[in-house]
Amino acid sequence: LERILPPRPFQSPTPLPFTTRPRPPTSPASMDASNVLLDAPKPRYSHRRVAFGAVFAGCALLLAGYSLTRPAASNLASFPVMTSRSMMSCPATCARNFGVAKTPMRQFRDTASLRVRGGAMTEIAKGVSFDTVAREWRMKWTGDEDKASLVAAQAALDEVLSEVKAVPGVKSVQRVVCGGCLDFKVVTALDGEKFGEWETASFAPEEKFLDKVKKIPGISMVETQTYTLMPM
């Protein structure tokens, strides 16, 4: 066959599309494993970039969820101090949180009332009744400068104590001081039928007392709470 058919001239193969880039000059000394993939197509996104993008997207979602679930500043601004109602959505009285939210405190005279100790008893649940409602003012003090903040808090209480005792329906005014937890509390107990009138008056002189103690150095976490109070 070689005598009959003349030999064909040599033709170089057509280069593939991805090898049309000019290959950089190389030398035998620089030929290593990294030069083998010079002409190979590189991925657009590396695994490291994808991982960083996923972490960034997760952080963005967490921040967005936190901004949607945290309480708005406008809601907290309606409270003169950080109260338990702003943290737990506690209503004006504990009794309203037990299924009688539409009934004002001064109108607690339902069919389940019991005449005990000369007053009307309101039943929250079976076997749980009350006729006394208390308002609590509490705060934290420090032991700095020989308990100066505690001394100032007591002085502020002494200034309004006569006004608190003069509120109609007051049964008792108690002060609680804890040297371990550094608590200072004032608990004013009123007759349940009279508590609504004091609530309408914004629990005076509560605002004056709280404004004064909030200015005392060392006093923090000023809060208020309303609950029922019964002797057992």
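Residues K171 and D131 are in side-chain contact: their nearest non-hydrogen atoms beyond the backbone lie under 4.5 Å apart.
By the side-chain hydrogen bond (donor to acceptor under 3.5 Å, both in side chains) test, Q174 is found to be paired with no residue, residues two or more places apart in sequence or in another chain being considered. For T188, there are no side-chain hydrogen bond (donor to acceptor under 3.5 Å, both in side chains) partners two or more places apart in sequence or in a different chain. Annotation: side chain to side chain contact (heavy atoms under 4.5 Å, CB included) contacts of V176 (sequence neighbours excluded): K185. Applying the side chain to side chain contact (heavy atoms under 4.5 Å, CB included) criterion to E159, with sequence neighbours excluded, gives K212. C181 meets the side chain to side chain contact (heavy atoms under 4.5 Å, CB included) test with K140, C178, D183; sequence neighbours excluded. When the salt bridge (charged side-chain N to carboxylate O under 4.0 Å, His left out) test is applied to K165, no partner is found at least two apart in sequence or on another chain. Residues forming a ring-ring contact (aromatic ring centres under 6.0 Å, His included) with W137 (at least two apart in sequence, or on another chain): F209.
L182 and V151 fall into different hydrophobic clusters, where Ile, Leu, Val, Met, Phe, Trp and Tyr are joined by side-chain heavy atoms under 4.5 Å apart, directly or via other members.
Residue pairs satisfying the ring-ring contact (aromatic ring centres under 6.0 Å, His included) criterion with at least one member in residues 148-188, sequence neighbours excluded, are absent. Counting only residues at least two apart or in different chains, side-chain hydrogen bond (donor to acceptor under 3.5 Å, both in side chains) contacts with residues 141-151 are absent.
Of all heavy-atom pairs spanning V167 and A204, the tightest one is CG2-O, 3.9 Å. Heavy-atom minimum distance, I216 versus A153: CD1-N, 3.8 Å. Here the shortest heavy-atom pairing between E163 and P205 reads OE1-CB, 3.6 Å. Contact record, M230 with S129: CG-O, 3.9 Å, taken as the closest heavy-atom pair. Minimum interatomic distance between T226 and R135 (heavy atoms only, all atoms of both residues): OG1-NH1, 2.6 Å.
Atom CG of residue L161 and atom CD of residue Q154 lie 8.5 Å apart, to the nearest 0.5 angstrom. Note: E223 CD to R138 CZ = 4.5 Å, rounded to the nearest 0.5 Å.
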Could you list the donor-acceptor pairs under 3.5 angstrom formed by side chains in residues 51-64, with sequence neighbours left out?
none

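For the side-chain contact (heavy atoms from CB on, under 4.5 Å) with F195, the lone residue among T228, V133, T132 that qualifies is V133.
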